[in-house]
Amino acid sequence: MEQKVKYKQYTMPTGGWGSLKSVFADVIQQRAIKTAPGLLKDHNKVGGYMCTSCAWAKPGKPHLGEFCENGAKATFWDLTSKRTTPEFFAKHTVSELLKLPDYDLENEGRLTHPMRYDATTDKYVSVSWQEAFADIGQKLKGFEPSSVVFYASGRASLETSYMYQLLARLYGNNNLPDSSNMCHETTSVALPQSIGTPVGTILLHDYEHTDCILSFGQNVGTNSPRLLHSLQEVRERDVPIVVFNPLKERGWQEFVNPQRPGQMATNKATQIATQYYQVSAGGDIAVMMGMAKFLFTWHDEAKARGEAGILDEDFIQQHTHGFEAFEAQVRSTDWAEILQVSGLSSASIEAAARTYSKAKAVIAIYGMGLTQHRYGVDNVQTLINLLLMRGNIGKPGAGICPVRGHSNVQGQRTVGISEKTELVPLDLLAEQYGFEPPREDGLNTIEACEGIVKGTVKAFISLGGNFVRAIPESELMERKWRDLDLSVQIATKLNRSHLVTAATTYILPTLVRSEIDEQLSGPQIVTMEDSTTCIHASRGKYKPAHEELLSEPRIVAEIAKHALEPNPKVPWEDWVNNYALVRDAIEATYPEPFRDFNGRLDIPGGFPRPVPARHREWHTDTGKANFKLPKSLNASFAAAEDGDVLRLITLRSNDQFNTTVYGYDDRLRGIHKSRMIVMMSADDRIRLGIAKDGLARITTAVDDGILRTMTNFQVIDYDLPSGTCAAYYPECNPLIPLWQYAEESKTPAAKSVPVRIEPA
Ligand SMILES: Nc1nc2c(c(=O)[nH]1)N[C@H]1C(S)=C(S)[C@@H](COP(=O)(O)OP(=O)(O)OC[C@H]3O[C@@H](n4cnc5c(=O)[nH]c(N)nc54)[C@H](O)[C@@H]3O)O[C@H]1N2
Ligand SMILES: Nc1nc2c(c(=O)[nH]1)N[C@H]1C(S)=C(S)[C@@H](COP(=O)(O)OP(=O)(O)OC[C@H]3O[C@@H](n4cnc5c(=O)[nH]c(N)nc54)[C@H](O)[C@@H]3O)O[C@H]1N2
Ligand SMILES: [Mo]
């Protein structure tokens, strides 16, 4: 339950005993001791199941326990012994349930039965699977294909995802938005233009060869904690790690590895960041341009002395395009503007550039702090420019490392979940399945929302996720959502998207990945792709939460069988009986990346998809790696200097996975008992006339005729640059205008929302 916030700066390291305590509390709270025996011994191991939390790489030589605090929490949350049964739904109207916070809804436990909303009683009632599929199929037959959306959150396996995209295309549209539209879509747009690949270029072993790491806008301690294992090893080789983040995130500061008994015994932490710079939200392009300016100056000086330059001239000459234009832009950029937008001193930027300039192989890590801004694409491309200046792509120990979100979000794209037709081999699909796939691009997340607002989208199928809660402008969207004719929610836990109902609404409960998926040919294997493009098999180990549950492939196949005309070339039933056949079909559509798919399931560390930029092959418009010119130094919608307008970062706590809230503690930030908080610098608070520990109202500072305002945020004096404030997602989503998204990628600009804050 929300309470008065308790804040005390956390000074313990990430990991360590604090993390073990937190995992243990979760096991107890979810009553998962009985349902999850063996203490996660099969977690992220060959022959076991892959974690459902983040997408970070799984090493070929795993630790005894290859899991982190948050992976363990996610797994116990899945394997809870609590159940959300038809009896529960009989006791509560949907209006009552709508008043409950996200935590309470999911904390009821795993969904067990297919349910349909009954408007006359305002309750969910259980239906048979047969009835549900027949009704959904019949209703889908009645819609104009372009008015139906097939959304996917990023957890579904490659097998399910492949079947799901085929369902949409056979149905007649490319309306396949997914959660990556809200997260790394910016990466998928920026990287192909720059280096000809939509994904990162590094493999896990590059961490063994790197001699410098730059990190921009990613929270490793909470969102990809196993990456700390590599960072710890990097630091033991005395490699510098330079971090840019408005918040001093504990994960980037100190780490005690719970997998190392020696370190646990002494509790002596490994220092992670060697340099930490609290850039203003949206100030990264300015920082990178400032670093580039120093590199040019030092290059000139070295040349004047007759020495080799700082820049990798051979690489630039042989492999890149657009260097001169970039050089001209950097040289003409004004220092005063760089300092104002970045909020950093020139000495800080110089020190960061100095470290970078000395290293031979640099990895650049980034996350939502770069992607979720108006100029998110420019953020990522400027970072690539910085790497290209010193040839830091396509050699051991160097490259770009976007840290992806959901455990298979990258893989979904690989097997065709994309609204962009150019990314999908439609001709091959046409030949393989004897049909004419729709050739028009489909709707992405923002466009799906716009369609719902306009009334052109009539039905929404959701393969996992909590769309209504994850998207911006949530008040308007919830209102408009009710005008939908059909909402089908394939889910594991109850969430708000199930309660904001359409004319017809179904909840279809499904298995989680760690559960045994028994089909006609025996227990099934599924696969997923990690952040470093490595593909892994996953075998469920635990008894399903309820015998009524169906697997995701079964649910997708049944919807397809009931909604589509039979097509002898699409063997839905055979596929569900044996997922190896789906993998054969994936291999037929994507022969190169999935060569001998079924034969390569159990390679330790997974098998990598080919990424041409790793070998300095550039599949871009120029055939070279492109220096792209940033359109602005300030990545934000908020002006660089605008009196009392602050930039609001909406972010995750250490006790949540996206809209799944595990609890009210954000241990690593020292914030306890409440999520209705706003962190800001004491200077800003005083300037805005808010009492210490007082309450605040936050209002979006845009002039579009819509008042977006929320009140009763408890203010925490926090170590943040003046002008930047931070609060939690999804609570703040009503404050984000639907039209404030990244140019080109349409990723909602959740990281620097212009806001005014006043005493409540
Ligand atoms: N435990 C756990 N793991 C997760 C998730 C989860 O919710 N919980 N979510 C998963 C998903 S879907 C995703 S996409 C990833 C997200 O993981 P991250 O990419 O780490 O995303 P956020 O938590 O939103 O945090 C973004 C970080 O960027 C910083 N930041 C904000 N604005 C700026 C800026 O302008 N410049 C810079 N330099 N930094 C900035 C914030 O302070 C914060 O540290 O994590 C995945 N893993
Ligand atoms: N303001 C703001 N908004 C954001 C963000 C932000 O940083 N700030 N981040 C954005 C990002 S990066 C993302 S990825 C989106 C997340 O958006 P989504 O992916 O849509 O949301 P989740 O919270 O991950 O979805 C949780 C639900 O998924 C269901 N689920 C869990 N596991 C499974 C499974 O195995 N199968 C099925 N079928 N269902 C399952 C459960 O019912 C659970 O309630 O939110 C975005 N929204
Ligand atoms: Mo994400």
Side-chain angles (χ1 to χ4, degrees), residues 52-56 68-71 73-74 77-78 102 105-106 111 151-157 160 178-184 215-220 222-225 243-247 249 251-252 277-284 287 366-373 379 402-407 409 445 462-472 474 489-498 507-513 552 555 635-636 647 649-660 662 720 724 726 728-733 735-736 747-748 750-753:
T52 48
S53 193
C54 79
W56 185 242
C68 67
E69 169 182 346
N70 286 336
K73 276 190 211 157
W77 194 253
D78 277 354
D102 303 298
L105 294 176
E106 287 212 26
L111 293 158
Y151 171 70
S153 165
R155 276 195 185 178
S157 64
T160 308
D178 75 343
S179 64
S180 73
N181 287 156
M182 295 181 255
C183 90
H184 271 291
S215 154
F216 285 87
Q218 201 268 340
N219 185 12
V220 66
T222 287
N223 295 330
S224 55
V243 177
F244 298 91
N245 196 312
L247 276 79
E249 303 285 26
W252 286 111
Y277 301 111
Q278 290 179 271
V279 59
S280 294
D284 301 275
V287 171
Y366 70 92
M368 299 298 99
L370 289 196
T371 63
Q372 294 178 331
H373 286 286
N379 263 334
V403 184
R404 298 271 170 168
H406 272 294
S407 52
V409 67
T445 289
S462 204
L463 179 59
N466 186 1
F467 190 79
V468 171
R469 198 74 175 128
I471 53 181
S474 29
Q489 303 283 334
I490 304 165
T492 55
K493 295 274 183 80
L494 184 62
N495 66 44
R496 196 164 173 92
S497 297
H498 310 155
I507 303 175
L508 306 181
T510 190
L511 297 174
V512 296
R513 195 181 296 150
E552 287 182 327
I555 293 173
S636 171
R647 294 154 183 224
I649 300 175
T650 60
L651 39 59
R652 295 153 169 79
S653 82
N654 190 52
D655 245 2
Q656 78 183 81
F657 191 92
N658 297 341
T659 69
T660 295
Y662 303 130
L720 269 166
T724 297
Y728 292 123
Y729 138 69
E731 284 77 358
C732 288
N733 284 33
L735 295 170
I736 308 176
T747 298
K751 290 295 184 274
S752 54
V753 188

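When reading the values below, keep in mind they use all heavy atoms of this one structure, side chains included, and skip hydrogens, waters and symmetry mates. In listed order, ligands and their atoms are each counted from 1.
If you look at Val279 next to ligand 1, the close heavy atoms, those under 4.0 Å, all belong to the side chain. Residue contacts with ligand 1 for His373 involve side-chain atoms from C-beta outward but no N, CA, C or O (heavy atoms, distance under 4.0 Å).
Proximity to Gly464 (heavy-atom distance under 4.0 Å) selects the following atoms of ligand 2: 37 (C), 38 (N), 39 (N). Proximity to Gly367 (heavy-atom distance under 4.0 Å) selects the following atoms of ligand 1: 19 (O). Under a 4.0 Å criterion applied to the non-hydrogen atoms of Glu552, ligand 2 contributes the atoms 34 (C), 36 (N), 37 (C), 38 (N). Every atom of ligand 1 is numbered from 1 in the order shown, and the set under 4.0 Å from a heavy atom of Cys54 is 47 (N). Close approach of ligand 1 to Cys183 is summarised as follows: ligand atoms under 4.0 Å from at least one heavy atom of the residue are 14 (S). Short contacts between ligand 2 and Ile736, defined as distances under 4.0 Å to a heavy atom of the residue, involve ligand atoms 1 (N). Which parts of ligand 1 touch Asn219 is read off a 4.0 Å heavy-atom cut-off, strictly below it: atoms 20 (O), 44 (O). Of all atoms in ligand 2, numbered sequentially from 1 with element shown, those under 4.0 Å from a heavy atom of Asn733 are 1 (N), 2 (C), 3 (N). Taking every non-hydrogen atom of Tyr151 and a distance limit under 4.0 Å, the qualifying atoms of ligand 2 come out as 17 (O), 18 (P), 19 (O), 20 (O). Contact atoms of ligand 2 toward Thr510: 36 (N), 37 (C), 38 (N) (distance under 4.0 Å to a heavy atom of the residue). Of all the atoms in ligand 2, the ones that sit under 4.0 Å from a non-hydrogen atom of Asn495 are 27 (C), 42 (O), 43 (C), 44 (O). Set against the non-hydrogen atoms of Ser179, the atoms of ligand 2 under 4.0 Å away are 14 (S), 19 (O). Of all atoms in ligand 1, listed by their number and element, those nearer than 4.0 Å to a heavy atom of Gly282 are 34 (C), 35 (O).
Protein heavy atom in closest approach to atom 32 (N) of ligand 1: Ile649 CD1, 3.7 Å. Of the protein's non-hydrogen atoms, the one nearest atom 26 (C) of ligand 1 is Lys751 CE, 3.7 Å. With respect to atom 34 (C) of ligand 1, the closest heavy atom belonging to the protein is Gly369 O, 3.2 Å. At the top of the distance list for atom 8 (N) of ligand 1, counting protein heavy atoms only, stands Gln656 O, 2.7 Å. For atom 25 (O) of ligand 2, the closest non-hydrogen atom of the protein is Gly465 CA, 3.1 Å. Nearest non-hydrogen protein atom to atom 13 (C) of ligand 1 is Gly405 CA, 3.2 Å. For atom 36 (N) of ligand 1, the nearest protein heavy atom (residue, atom name, distance) is Asp284 OD2, 2.6 Å. Nearest protein neighbour of atom 42 (O) of ligand 1, counting heavy atoms only, is Asn245 OD1, 2.7 Å. Among protein heavy atoms, atom 43 (C) of ligand 1 sits closest to Glu249 OE2, 3.4 Å.
For the residue pair Gln218 / Ser224, a side-chain donor-acceptor distance below 3.5 Å is found, with atom types taken as modelled.
Rounded to the nearest 0.5 angstrom, Leu247 CG and Leu651 CG are separated by 6.0 Å.
Among Leu720, Asn658, Thr660, Asn70, the residue whose heavy atom sits closest to atom 7 (O) of ligand 1 is Asn658. When Ala470, Ser153, Ala750 are checked for heavy-atom proximity to atom 17 (O) of ligand 2, Ala470 turns out nearest. The heavy atom nearest to atom 27 (C) of ligand 1, considering only Gly154, Pro225, Gly217, is found in Gly217. The option from Val243, Val403, Asn223, Val220 that lies nearest to atom 2 (C) of ligand 1, judged by heavy atoms, is Asn223. Taking all heavy atoms of Met182, Arg652, Gln489 into account, the minimum distance to atom 9 (N) of ligand 2 is reached by Arg652. Of the options Met368, His406, Glu69, the smallest heavy-atom separation from atom 19 (O) of ligand 1 is shown by Met368. Considering Thr659, Leu735, Val468, Thr492 only, the shortest heavy-atom separation from atom 30 (N) of ligand 2 involves Thr492.
Ligand 1 has an N or O atom lying under 3.5 Å from an N or O atom of Phe244, backbone or side chain. For His184, no nitrogen or oxygen atom sits less than 3.5 Å from a nitrogen or oxygen atom of ligand 1, counting backbone and side chain alike. Backbone and side-chain nitrogen or oxygen atoms of Thr222 are examined, and one is located within less than 3.5 angstrom of a nitrogen or oxygen of ligand 1.
A tilted orientation is assigned to the rings of Phe657 and His406, their planes being inclined by 30° to 60°.
Ligand 1 has Ala281 within reach: a non-hydrogen atom of the residue lies less than 4.0 Å from it. Residue contacts with ligand 1 do not include Ser224, since none of its heavy atoms lies under 4.0 Å from the ligand.
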*Can Asp284 and Leu370 be said to form a side chain to side chain contact (heavy atoms under 4.5 Å, CB included), step by step?*
CA-CA 8 Å; Asp284 301 275; Leu370 289 196; 3.5 Å; yes

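Between Ile471 and Met182, some side-chain heavy-atom pair lies under the 4.5 Å cut-off.
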